[in-house]
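Everything below concerns the one structure shown next.
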Amino acid sequence: MNTPVIAIHGGAGTITRSSLSAEDEARYHAALADIVGAAQALLNGGGSALDAVTEAVRLLEDCPLFNAGHGAVYTSQGRHELDACVMSGIDLAAGAVACVTNIRNPVLAARAVMHHSQHVLLVGQGAEAFAQQQGVATVGPDYFHTDARHEQWLRVRGQAGTVLDHDAASFAFAQQQQEQAPIDPDHKFGTVGAVALDRFGNLAAATSTGGITNKQPGRVGDSPLIGAGCYASNSTAAISATGTGEAFMRTNAAYDIAARMAYAGDTLEQAAHKVVFKLLPVVGGRGGLIALDAQGNLTLPFNTEGMYRAYGRGDAAPVTAIYA
Ligand code: ASP
C-alpha cells in the first residue's frame, strides 16, 4: 500500500509579499489547507486518485479566491468561458470541456465526458448540452461573477492584450513584446489544479480555469488540453500546469515532462525543472506546475514570483505556500 499524496495549485504569477495583505495571505493559506485536507481524507479512506483530484478541483472551483468556476475571469465581451480537464494515470482515460458558460463545476463535466462519452474533449454548446443530459449542475452567468474579477476586467477592457489573471505584470501574448506596467496590482489569482497518488499506486491529474482576463471569445488555453496543461500516466507522472497557456500549448509542457522521464530517463524533478526553467522561457512561457510520480516524489516548480500551492501526504498536516 502506498502512502497517498495530494498536491494542488491555485495559479502562478507576480505574487509578491508586498502585494498581498496579511489577511489575504491568511485566507489563501486557509483555503488551500482546507482543500488539501478534504482530499487527504478522501484518499486516506481508500478513495481513488481520480476522485481526489476531481474533488479538490471542484472545491477550488467553488472558492472565489481562484480563477475557476465561481471567481473566473472575464472575456473581452464581459462573459465567462471555462475550460477543465481530468485524466487517469491507470489507462490514460481523459475527459475535458472548453468554452463552457453555464456549468457550475466544469471539472464534473470533464468527468462526465471521460466516463459517459466516446470522446475526450467537448466544447461550447455541445459540451453544455451533454453535461446537462448527464445531470451536471448548471447556473446562470451571474454565478461566476466576483467584484474583484470584474474590476480587473474593467481596467484592461478595450486594450488589445490579454492579462494573466494572477499576473498583472505580464501580457500573455507576444504581440506585446515588452512586459507592461502592472495593471492589476491588487488581485492575483489563478487557474487551479490537482495531482494525486492513491493507496493503490494510481496517479491522476485535473486542471480547471476561467482562462486569461480579456481573452478573445472562443479562445481555449492549455488547461483542457491533454499534454499541455494536464497529463497523467502511472508509468511517468501526473502534472497540472498554470501560466501563459499559449506557451504551454506550444511546448506540450505537461507531456514533455512525462516524455523526458520515459525516453531520457530523467527523474521527475529533473524533467519538471527543465520544462519550467529552460523550455518554457524560450517561448516566453511564465508560470508553474505541480508534478507527482508513482513513487510519491513531488515537485512544484514555477518561474514567476509566486504560485499558490499546497500538498498533503498520508495524514500529515497540509503544507501550504505562496512565494518562492
Ligand atoms: N493557463 C491558463 C490559460 O492560459 C491561465 C492560468 O494558468 O491562469 O488559460
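Each ligand, and each atom within it, is numbered from 1 in the order the structure gives.
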Counting each atom of ligand 1 from 1 as listed, which ones have a heavy atom of [X] under 4.0 Å away?
X	value
Thr242	6 (C), 7 (O), 8 (O)
Gly211	5 (C), 9 (O)
Asp222	1 (N), 2 (C), 3 (C), 4 (O)

Ligand 1 to [X] polar contact by distance, N or O atoms, under 3.5 Å:
X	result
Asn67	no
Gly245	yes
Arg219	yes
Thr191	yes
Asp83	no

Within-shell test, Gly243 vs ligand 1, heavy atom, strictly < 4.0 Å
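Gly243 counts as a contact of ligand 1 under the 4.0 Å cut-off.
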Fit a plane to each ring of Phe66 and Tyr28, take the angle between them on a 0 to 90° scale, and name the class: parallel (under 30°), tilted (30 to 60°) or perpendicular (over 60°).
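Ring orientation, 0 to 90° scale: perpendicular.
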When you check the side-chain N and O atoms of Thr101 and Glu128, is any donor under 3.5 Å from an acceptor?
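Yes, Glu128 and Thr101 have a side-chain donor paired with an acceptor closer than 3.5 Å.
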Without hydrogens or angle criteria, can the side chains of Asp198 and Asn2 be said to hold a donor-acceptor pair below 3.5 Å?
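No.
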Electrostatic pair Glu246-Arg219, nearest N-O below 4.0 angstrom
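The answer is yes: the pair qualifies as a salt bridge.
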Working to the nearest 0.5 Å, report the span between CG of Leu279 and NZ of Lys274.
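That separation rounds to 11.0 Å.
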Under 4.0 Å, heavy-atom basis, I'd like to know which part of Met249 is in contact with ligand 1: side chain, backbone, both or neither.
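Neither; no heavy atom under 4.0 Å.
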For the residue pair His70 and Phe144, is the inter-centroid distance of their aromatic rings smaller than 6.0 Å?
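Centroid separation for His70 and Phe144: 6.0 Å or greater.
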Identify the residue among Asp222, Thr207, Asp83, Thr209 that makes a side chain to side chain donor-acceptor pair (under 3.5 Å) with Thr191.
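So, applying the side chain to side chain donor-acceptor pair (under 3.5 Å) to Thr191 and each of Asp222, Thr207, Asp83, Thr209, only Thr209 qualifies.
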